[in-house]
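Note on naming: letters A, B, ... go to the chains in the order of the sequence lines (proteins, then strands), and numbering restarts at 1 for each one. The model shown is predicted, which means the values in this text are computed figures rather than measured ones.
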Protein chains: 2
Amino acid sequence: MDAAQIEQVRRFNRTVTERVGVLHDHFLGGDRPIGAARLLWEIGEEGQDVRRLRERLGLDSGYVSRLLRSLEAEGLVTVEPQPRDRRVRTVRLTGAGRAERAVLDGRSDELAGSLLEPLNTAQRARLVEAMAQVDRLLTAATVTLEAVDPGHPHAEHCLRSYFSELRERFESGFDPVRSLLPDAGELRAPHGLFMVARLHGEPVGCAGLKLPAGAPAEIKRMWVAPEARGLGLGRRFLAELEARAAQHGRDVLRLDTNRALSAAIGLYHSCGFEEVAAFNDEPYAHHWFEKRIEGPAPA
Amino acid sequence: MDAAQIEQVRRFNRTVTERVGVLHDHFLGGDRPIGAARLLWEIGEEGQDVRRLRERLGLDSGYVSRLLRSLEAEGLVTVEPQPRDRRVRTVRLTGAGRAERAVLDGRSDELAGSLLEPLNTAQRARLVEAMAQVDRLLTAATVTLEAVDPGHPHAEHCLRSYFSELRERFESGFDPVRSLLPDAGELRAPHGLFMVARLHGEPVGCAGLKLPAGAPAEIKRMWVAPEARGLGLGRRFLAELEARAAQHGRDVLRLDTNRALSAAIGLYHSCGFEEVAAFNDEPYAHHWFEKRIEGPAPA
DNA sequence: TCCATTCTCTGACTCTAGTCAGAGAATCCC
DNA sequence: GGGATTCTCTGACTAGAGTCAGAGAATGGA
């Protein structure tokens, strides 16, 4: 990360907070405090539990309650207890609330338009293209990787999604029972580890690492949610697991995969894995890969 | 401006205000209110007049005064009357103030770093590149064009810069007296008009349009400040003047130029001007251009 | 059944950020 | 010289944004 890059990022931050940030609040707020506007926005067409709203916006419960009270007084929302659990309350937009939200929507379009408006066609196209790029990469940078227990709800969510995707994509379908599945214990210290990737707190990917005593480390169950593809997350998982394997003193990392997963196969090649002979008899595998890895950087 | 573009800009706004905007204030502020931090930043190494600070930050005089008082109490700045005009007061950083400013500087680097940190080398390069593009185009979109009287201080500033640049660049130097200069009256309604471009309130370019009765409209004295080049401002001036000439019922737009101004010549070509025989005997001109223009779009 | 926990709400605060109306000093212009 | 203007400052406000400590209802688990 060199100084010129830092400098450019700072210039960007400055321009963008001035030009977009300030306007954003101003446009969105209108006459209403922006806290209320954001809330109105986050409620959405479907309605939301108060709890979720609080979480999404990262606000104090008292504060949200007060904001809701004021929106309620204006007749923009209704708040009712959930039938299943009457402690939780659900907020829903009224007709007036929906109208108000449409106004916010329009303002947001207007702001976007005002950014493009002074530019000519070619410039607009370039700006939008560059914004998409920035958007994608900043999103990618927002994803966090964390080692969790394979029994964690996020881990289980990812594994369910993973299996159901395999079932769809493998020519032969996929039945976990027939596969050489590591049991959860194998992906838990000290025999291995399991990582999930999260974006805005939601799980969007996972990867497991087996660390069998005296044998190469092995990657299992790597999966990236469809909505998080194209963010370089697969590559990031591989780099992370490689580093962790190295920390545990392994110098070889390996994995097996099914021929239906062509994007993954491309990824393994481009990350320095080489195809080797079968090192297990996983019935769903067609390709086996291996990579020599370096020890952890000396401290 | 199509809906997909608007949509992408909105996604960008959202990602960026979340990821950069919020962090920006948080990082910059530290323990101190961000008003104070911004002020500390804007004072700069050299010191500033209170009046200018107020202008730059767009703040109320009472508010700035209070903020300065609190920075003064912390021993970060000194405020003293200017010797020339003792109503105006000048703020200067003390040693402690400079140190504090360096801390802000470091935080800003840190924020920039935190955006790049989770990315790999290739992604970083792409992000920085896209940010530069966005930065440049948003800046371009921030430039405003306005018709002003040629006697306006901003107009005069631009013209002085323009002449001094011609003096440097023309092989033969440039002496306004020898040139076929329109007097100011010719660039003032109803005989013509004069426009300046401004970025953050500072003049960064100008262009004049002569509208002689019964003759083609003529562009004069188009200039863009060095720091504003590469923003497509020349092209924007041409489009604007073309539209204005059309509004005044002209169907031909013309101009002359010196061979030393090769970038301008390229611009004229690419904007649809065609080289024609000399239509005046401006001693400093080597090329004459003309463009047929369309009438204003029907209402 | 009862105790701990979860969820929401209320009341009482704090802190920023900013506005508005003068007051007082310095300067400009006639 | 004197009135208008410019510049800064002070005091008195307001509104937004958010925190914190409970209280009270509903639920879950032993």
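- Contacts between residues 34-48 of chain A and DNA chain C, defined by a heavy-atom separation below 4.0 Å, involve no residue at all.
- Annotation for B/R69: atom CZ counts as buried by contact number, over 12 foreign heavy atoms lying within 6.0 Å.
- Residues passing the side chain to side chain donor-acceptor pair (under 3.5 Å) test with B/R92: none are found, sequence neighbours excluded.
- Judged purely by atom type and a 3.5 angstrom limit, B/R101 has no side-chain atom pairing as donor or acceptor with the backbone of B/E42.
- Every side chain to side chain donor-acceptor pair (under 3.5 Å) that B/R98 has, sequence neighbours left out, goes to B/E45.
- Near DNA chain D, defined here as any heavy-atom distance below 4.0 Å, the residues from residues 63-73 of chain A are A/Y63, A/R66, listed numerically.
- Annotation: of the two residues near DNA chain D, A/P33 and B/V50, the 5′-most nearest-nucleotide partner is B/V50.
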Pairs under 3.5 angstrom only: tabulate donor-acceptor contacts from the side chains of residues 46-54 of chain B to other protein residues two or more places apart or in another chain.
from	atom 1	to	atom 2	distance (Å)
B/D49	OD1	B/Q82	NE2	3.2
B/D49	OD1	B/T90	OG1	3.1
B/D49	OD2	B/Q82	NE2	2.9

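- Using five terminal pairs a side, the axes of the helix from C/dT1-D/dA30 to C/dC30-D/dG1 at its two ends make an angle of 10°, given in steps of 10 degrees.
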Residues 4-12 of chain A side chain polar contacts: donor-acceptor under 3.5 Å, at least two apart:
from	atom 1	to	atom 2	distance (Å)
A/Q8	OE1	A/R11	NH2	2.9
A/R10	NE	B/S108	OG	3.2
A/R10	NH1	B/D105	O	3.4
A/R10	NH1	B/D105	OD1	2.9
A/R10	NH1	B/D109	OD1	2.9
A/R10	NH2	B/D105	OD1	2.9

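- Applying the salt bridge (charged side-chain N to carboxylate O under 4.0 Å, His left out) criterion to A/D60, with sequence neighbours excluded, gives no partner residue.
- Ionic pairing of A/E186 and A/K220 is not present here: no N-O contact between side-chain nitrogen and carboxylate oxygen is shorter than 4.0 angstrom.
- With sequence neighbours excluded, the residues that form a side chain to side chain donor-acceptor pair (under 3.5 Å) with A/E146 are A/R198.
- Remark: side-chain polar atoms of B/T94 are paired, donor with acceptor, to backbone N or O of B/G75 under 3.5 angstrom.
- Remark: the backbone N or O of A/A197 is not paired with any side-chain donor or acceptor of A/R236 at under 3.5 angstrom.
- Between chain A and DNA chain D, the heavy-atom contact criterion of under 4.0 Å yields a 5' to 3' nucleotide range of D/dG16 to D/dT27.
- Put simply, the side chain of B/S65 never gets that close to the backbone of B/S61: no donor and acceptor are under 3.5 Å apart.
- The side chain to side chain contact (heavy atoms under 4.5 Å, CB included) test applied to A/P81 returns A/R86, A/R89, not counting sequence neighbours.
- Of the listed residues (B/I34, B/L76, B/L71, B/V91), just one forms a side chain to side chain contact (heavy atoms under 4.5 Å, CB included) with B/L39, and that residue is B/L71.
- The two residues A/L127 and B/V134 come nearest to each other via the heavy atoms CD1-CA, 3.9 Å.
- Of the residues in residues 51-62 of chain A, those lying under 4.0 Å from DNA chain C by heavy-atom distance are A/R51, A/R54, A/S61, A/G62.
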